[in-house]
**Student:** 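One structure follows; several queries about it will come next.
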There are 2 protein chains.
Amino acid sequence: MTDTDPSPREVLREEFRIEAPHRELLDQALDKWSLSVLNELCERPCRFNDLRRAIPAVTQKSLTATLRRLERNGIIDRRIVNTRPVAVEYRITPLGKGLRAPIDALLDWANTYLPQIERARDTFDAG
Amino acid sequence: MTDTDPSPREVLREEFRIEAPHRELLDQALDKWSLSVLNELCERPCRFNDLRRAIPAVTQKSLTATLRRLERNGIIDRRIVNTRPVAVEYRITPLGKGLRAPIDALLDWANTYLPQIERARDTFDAG
DNA sequence: CGGAATCCAATGGGATACTG
DNA sequence: CAGTATCCCATTGGATTCCG
């Protein structure tokens with residue numbers, strides 16, 4: 001794992017640094033509720049109220065916005081099931097599944113270092 | 001709590017539920033400008049105006065806020081160099097370096113699938 | 001059930017001006 | 001150089017109500 005190897009990311013950084021479209025995409029894929037939604041949908045398809053129950057802190061409005069955004073980016077799929085009353089099922093797409101590994105790496109990092117970070121905060125706030 | 005044996009899926013869901021402290025930490029570590037800042041500081045230590053030049057779109061106010069937040073979490077380090085006029089150098093900490101791999105994985109994902117995602121957006125916006 | 005519409009408060013963030 | 005301080009506007013997001 002050397003830094004001398006010109007990975008695609010190196011090229012990306014030199015040419016664009018983090019370019020606006022990439023930043024915008026990550027903003028939408030990683031925003032406040034997206035991680036929780038993706039986490040649920042990686043487990044199983046969910047209906048709207050399944051997600052509300054799984055993520056109690058989210059409001060209906062924010063959840064709707066999050067789902068629309070993820071759907072628009074092709075990260076999740078929305079399908080209407082013709083039962084009565086109508087059911088709507090959300091599921092992760094293959095494209096969205098590719099996000100799982102990076103997201104899990106982030107969650108692992110957060111989980112591992114949270115205690116250390118909380119100590120850093122205490123130190124900072126004291127000084 | 002459950003009448004039946006918890007399925008592996010349910011256990012998994014409990015494990016991976018994103019809790020508030022983790023979500024807050026990721027909010028702070030991955031917010032609008034943090035990725036760009038970390039990207040720069042992974043390359044080399046930077047002074048305040050180095051970062052402004054490297055990230056032209058950021059305002060001074062937002063950059064200051066981003067740097068304070070990262071410093072408070074122990075992800076970057078701020079040191080005052082006693083020259084005249086005073087210089088301030090920011091650098092990544094060992095803790096912050098641990099974020100590089102997950103972030104790079106995200107950037108690689110964004111870089112790889114951005115074209116596909118833009119097509120998904122066009123399709124969504126057309127329909 | 002799965003939203004849309006509306007109102008409103010809080011926040012974020014840009015622009016500008018000033019400072020040790 | 002490395003910020004602070006202020007003003008102000010746009011967006012975010014919570015709460016509520018209504019609908020097919």
**Student:** So, is Arg52(B) close to the dG3(D) phosphate, meaning a side-chain N or O under 4.0 Å from OP1 or OP2?
**Tutor:**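 Answer no for this pair, as no side-chain N or O of Arg52(B) is under 4.0 Å from OP1 or OP2.
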
**Student:** For Arg100(A) and Glu43(A): C-alpha separation, side-chain torsions, deciding distance, then whether salt bridge (charged side-chain N to carboxylate O under 4.0 Å, His left out) applies.
**Tutor:** CA-CA 11 Å; Arg100(A) 179 157 205 192; Glu43(A) 293 305 306; 3.0 Å; yes

**Student:** Hey, is the side chain of Arg69(A) poking within less than 4.0 Å of OP1 or OP2 on dT12(D), counting only N and O atoms?
**Tutor:**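 Result: no.
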
**Student:** Please confirm whether the shortest side-chain N or O distance from Tyr90(A) to OP1 or OP2 of dG3(C) is below 4.0 Å.
**Tutor:**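 Yes, within the criterion.
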
**Student:** Compare the minimum distances between each of dG2(C), dG14(D), dG14(C) and the side chain of Lys32(A), then state the nucleotide with the smallest one.
**Tutor:**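 Selected nucleotide: dG14(D).
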
**Student:** Counting N and O atoms only, with roles assigned by atom type, does the side chain of Ser62(A) sit under 3.5 Å from a partner on the main chain of Val58(A), one being a donor and the other an acceptor?
**Tutor:**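 Side chain of Ser62(A) to backbone of Val58(A): no pair is present.
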
**Student:** Give a yes/no on whether any side-chain N or O of Thr59(B) is located under 4.0 angstrom from OP1 or OP2 of dA15(C).
**Tutor:**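 For dA15(C), neither OP1 nor OP2 has a side-chain N or O of Thr59(B) closer than 4.0 Å.
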
**Student:** Would you say Arg47(A) reaches dG3(C)'s phosphate, i.e. side-chain N/O to OP1/OP2 under 4.0 Å?
**Tutor:**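 The answer is no; no side-chain N or O of Arg47(A) sits under 4.0 Å from OP1 or OP2.
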
**Student:** Ignoring hydrogens and angles, state whether a donor on the side chain of Gln60(A) or Thr64(A) is under 3.5 Å from an acceptor on the partner side chain.
**Tutor:**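 A pair is found: one side chain offers a donor N or O, the other an acceptor, under 3.5 Å apart.
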
**Student:** Determine the stems involving DNA chain D; a stem requires 3 or more consecutive pairs of the Watson-Crick or G-U wobble kind, each with both distances below 3.5 Å, and the answer is none if no such run exists.
**Tutor:**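 Stem segments, range with range: C:1-20 with D:1-20.
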
**Student:** Applying a 4.0 Å non-hydrogen cut-off, can you work out what Arg78(A) is touching in the nucleic acid: base, sugar-phosphate, or nothing?
**Tutor:**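 Sugar-phosphate contact only - Arg78(A) comes under 4.0 Å of backbone atoms but never of a base.
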
**Student:** Salt-bridged, Asp27(A) to Lys32(B), with N to O below 4.0 Å?
**Tutor:**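 No, Asp27(A) and Lys32(B) are not salt-bridged.
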
**Student:** In this structure, how many angstroms lie between the P atom of dA5(C) and the CZ atom of Arg68(A), rounded?
**Tutor:**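 The answer, rounded to whole Å, is 11 Å.
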
**Student:** Can you tell me how far P of dG20(D) sits from CZ of Phe48(A), to the nearest Å?
**Tutor:**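 Roughly 18 Å, once rounded to whole Å.
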
**Student:** Do NZ/NE/NH1/NH2 and the carboxylate oxygens of Arg69(A) and Asp31(A) come within less than 4.0 Å?
**Tutor:**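 Answer for the salt bridge query: yes.
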
**Student:** Report the distance from atom CZ of Arg121(A) to atom CG of Asn73(B), rounding to the nearest 0.5 Å.
**Tutor:**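 Answer rounded to 0.5 Å: 4.5 Å.
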
**Student:** Side chain of Gln60(B), base of dA2(D): donor and acceptor closer than 3.5 Å?
**Tutor:**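 Between dA2(D) and Gln60(B), which were checked side chain against base, a qualifying N/O pair under 3.5 Å is absent.
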
**Student:** When you measure from the side-chain N and O atoms of Lys61(B) to the phosphate of dC18(C), is any distance below 4.0 Å, counting only OP1 and OP2?
**Tutor:**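 So the side chain of Lys61(B) is outside the cut-off, no N or O lying under 4.0 Å from OP1 or OP2 of dC18(C).
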
